[in-house]
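Read the numbers this way: they start at 1 and go in the same order the structure lists the ligands and their atoms. Computation of the quantities below employed the complete heavy-atom set of this structure, encompassing side-chain atoms and omitting hydrogens, waters and symmetry-equivalent molecules. Owing to the predicted nature of the structure, the values given are computational and were not obtained by experimental measurement.
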Amino acid sequence: MDLREAPHDAAFRAEARAWLSQHVPTKLASGDTAEGFAQHLVWERKLFEAGWAVVSWPKAYGGREASIRQWLIFEEEYYRANGPQRVTQNGIFLLAPTLFEFGTPSQKDCILPAMASAQTLWAQAWSEPGAGSDLAAVRSKAVRVEGGWRLYGQKTWCTRASFCDACFGLFRSDPDSQRHQGLTYIMAPLTGEGVEVRGFGRLDGDEGFAEVFFDGLFVTDDAVIGEVGEGWRVAMATTSSERGLTLRSPGRFVAAAERLNALRISRDTDPELDQRCLDSALNAEAYRLFTDAAVTAMSQGEELGSRSSLMKVFWSELDIELHETALAILGEDSALESEWLKGYQFSLAGPIYAGTNEIQRKIIAERVLGLPRR
Ligand SMILES: Cc1cc2nc3c(=O)[nH]c(=O)nc-3n(C[C@H](O)[C@H](O)[C@H](O)COP(=O)(O)OP(=O)(O)OC[C@H]3O[C@@H](n4cnc5c(N)ncnc54)[C@H](O)[C@@H]3O)c2cc1C
């Protein structure tokens, strides 16, 4: 692995840094509130117009055909410039990789440009009340009818679904099937006859979370991604990307560690807090280097595979550590410093979403360490 930045990557970094330093908005409300979501859309559309929304995608869909390494560079610069959370992330980081791998040409042509330009907003509708960690327990069903499918069932914990136009998830299309068999990966609108979105608030007060109820919503055959009955394979092909790379790239944590250090310098800290800041900075750097090594391996034909579970546990625990240290430095002022406090509240969800850390540790034990299942 060559740690030096190639000249074309350095030029890419300089271009991104120059643009972001001129354009990143200073203060947006949380993207998980209606007001903040609308503000974020203005920003996401500006990113798209300047060609920075989906840098690694083909030009035909609004990208720049940047390499994965350049995408990581962009992310570093984005968070370094204090860029806002991406409210398009469920589309561009979760659904898009699935479409690139399994979508038909017409699905890609119809869906990807509107997704990249933040014209169609996508929610992930995977979890159900009885199917979270155990996703194969999905009970929502797709019933075959002329020209398509009717959807029934309940999805839950759908991030920002209250503000989105459409969703994607697994539906049981074979009524006699069990577990991983007989599932189909389907995209569905969130408005219309036969679908109801019920928003509910998070503990931090943001209201974007939602449950989605399907009661006979009709979708045409071209809403299916991949083969009918092959939904599990389609879903699993892109989960490692969610856990390990696209959802939480290292730039976010390297930037947070830098901000933590700036906070430390601005306050009266003791040696123990200084040490905690140093540990977080080293851990963020370790995550960056591990990701670089993974990307190098991928460029040589390897899969991200179970590395993504190691990454997921590492970034989610690092995020809590960074925020806990910031709150310890701030002491009573934490209540006033809403950015660190809000970040802390959200960091506590990190070990739960994108596959809980208990499940990731099981995967690491079995597939990385080779330990027996029992
Ligand atoms: C902030 C946030 C955003 C989310 N966004 C979305 C979204 O946009 N779309 C979506 O579909 N879902 C979303 N989720 C849901 C998330 O994917 C689920 O919460 C997660 O998969 C866990 O499922 P569960 O909540 O049903 O918990 P359960 O699966 O019931 O687990 C409860 C506890 O038991 C543990 N556990 C379960 N099975 C095992 C086992 N076999 N071995 C050891 N321990 C086990 C778990 O680790 C956990 O600690 C989000 C969740 C959060 C917190």
Side-chain angles (χ1 to χ4, degrees), residues 30-33 37 85-96 98 121-140 151 153-171 179-180 183 185-188 190 197-214 231-232 234-236 238-244 246-248 252 308-309 312-313 315-317 319-320 323 342-367 371-374:
S30 161
D32 291 272
T33 61
F37 191 79
Q85 67 176 145
R86 301 290 303 273
V87 295
T88 48
Q89 79 178 21
N90 283 337
I92 61 177
F93 294 150
L94 303 184
L95 179 58
T98 312
L121 285 311
W122 290 89
Q124 181 192 29
W126 282 26
S127 305
E128 297 184 2
S133 302
D134 187 14
L135 189 62
V138 159
R139 285 171 53 197
S140 293
L151 306 181
Q154 179 187 354
K155 301 286 181 179
T156 190
W157 310 123
C158 303
T159 296
R160 291 185 283 277
S162 299
F163 316 132
C164 288
D165 310 298
C167 69
F168 50 95
L170 289 172
F171 293 81
R179 309 284 303 156
H180 313 83
L183 297 168
Y185 202 111
I186 295 180
M187 299 175 283
L190 286 172
V197 178
R198 289 188 206 156
F200 60 92
R202 290 195 318 212
L203 276 179
D204 65 1
D206 290 2
E207 73 268 18
F209 247 160
E211 293 176 291
V212 180
F213 293 84
F214 294 100
W232 186 259
V234 175
M236 289 307 112
T238 44
T239 48
S240 69
S241 171
E242 173 185 8
R243 284 173 194 150
T246 51
L247 185 65
R248 298 287 179 252
R252 180 180 171 119
S308 67
S309 296
K312 158 81 224 280
V313 171
W315 65 247
S316 56
E317 294 185 352
D319 205 25
I320 296 176
H323 285 88
K342 194 155 178 74
Y344 171 65
Q345 289 169 335
F346 189 67
S347 74
L348 296 177
I352 303 172
Y353 63 81
T356 69
N357 283 13
E358 287 80 14
I359 299 293
Q360 303 318 307
R361 285 196 157 88
K362 257 171 85 77
I363 296 173
I364 294 164
E366 289 167 12
R367 298 192 208 154
L371 296 176
R373 285 177 74 93
R374 287 180 195 283

Please write down residue, atom name and distance for the protein heavy atom closest to [atom].
| atom | value |
| --- | --- |
| atom 13 (C) of ligand 1 | Trp157 O, 2.9 Å |
| atom 39 (C) of ligand 1 | Ile359 CD1, 3.6 Å |
| atom 2 (C) of ligand 1 | Phe209 CZ, 3.5 Å |
| atom 36 (N) of ligand 1 | Ser133 OG, 4.3 Å |
| atom 9 (N) of ligand 1 | Gln124 O, 2.8 Å |
| atom 43 (C) of ligand 1 | Glu358 CB, 4.1 Å |

Just so I know, are the side chains of Leu190 and Cys158 near enough to count as touching, which here means a heavy-atom distance under 4.5 Å?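 A side-chain contact is absent here, since even the closest heavy-atom pair is not under 4.5 Å.
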Does Glu317 reach the side chain of Ile320, with side-chain heavy atoms less than 4.5 Å apart?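 Glu317 does not reach Ile320 side chain to side chain.
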Counting heavy atoms only, name the option from [options] that's nearest to [atom].
| atom | options | result |
| --- | --- | --- |
| atom 8 (O) of ligand 1 | Thr159, Val212, Asp204 | Thr159 |
| atom 21 (O) of ligand 1 | Gly169, Ala125, Gly132, Gly350 | Gly132 |
| atom 11 (O) of ligand 1 | Ser127, Ala123, Ala354 | Ser127 |

[Y] and [X] aromatic ring geometry - parallel, tilted or perpendicular at 30°/60° bounds:
| X | Y | result |
| --- | --- | --- |
| Trp232 | His180 | perpendicular |
| Trp157 | Phe209 | tilted |
| Tyr353 | Trp315 | tilted |

Determine, stepwise, if the pair Asn357 / Ser316 fulfils side-chain hydrogen bond (donor to acceptor under 3.5 Å, both in side chains). CA-CA 8 Å; Asn357 283 13; Ser316 56; 2.9 Å; yes
Measure from [atom] to the protein's non-hydrogen atoms and state whether any distance is below 4.0 Å.
| atom | value |
| --- | --- |
| atom 15 (C) of ligand 1 | yes |
| atom 30 (O) of ligand 1 | no |
| atom 52 (C) of ligand 1 | yes |
| atom 33 (C) of ligand 1 | no |

Looking at Arg139, I'd like to know if its CZ atom is crowded, meaning that more than 12 non-hydrogen atoms belonging to other residues, nucleotides or ligands lie closer than 6.0 Å.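 At most 12 heavy atoms, drawn from other residues, nucleotides or ligands, come within 6.0 Å of this atom.
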By number and element, which atoms of ligand 1 are closer than 4.0 Å to a non-hydrogen atom of Lys362?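 So the atoms of ligand 1 that pass are 42 (N).
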Going by the atom numbers of ligand 1, which of them fall below 4.0 Å from some non-hydrogen atom of Thr356?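 Answer for ligand 1: 22 (C), 46 (C), 47 (O).
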Could you tell me whether Asp206 and Lys342 make a salt bridge, using a distance below 4.0 angstrom between a side-chain N and a carboxylate O?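 Result for this pair is yes, salt bridge flagged.
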Within-cut-off N or O pair, Tyr353 and ligand 1, under 3.5 Å: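 No, no N or O pair falls under 3.5 Å.
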Distance, nearest 0.5 Å, that separates NZ of Lys362 from OG of Ser133: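 Those atoms lie 10.5 Å apart.
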Would you kindly specify which portion of Ile352 sits under 4.0 Å from ligand 1, judged on non-hydrogen atoms: side chain, backbone, both or neither?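 The answer is both.
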Without swapping roles, check the side chain of Lys312 against the backbone of Gly355 for a donor-acceptor pair under 3.5 Å.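 Side chain of Lys312 to backbone of Gly355: a pair is present.
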Counting distance only, does the side-chain N/O of Gln85 pair as donor-acceptor with the main-chain N or O of Gly31 below 3.5 Å?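 Yes; at least one donor-acceptor contact below 3.5 Å.
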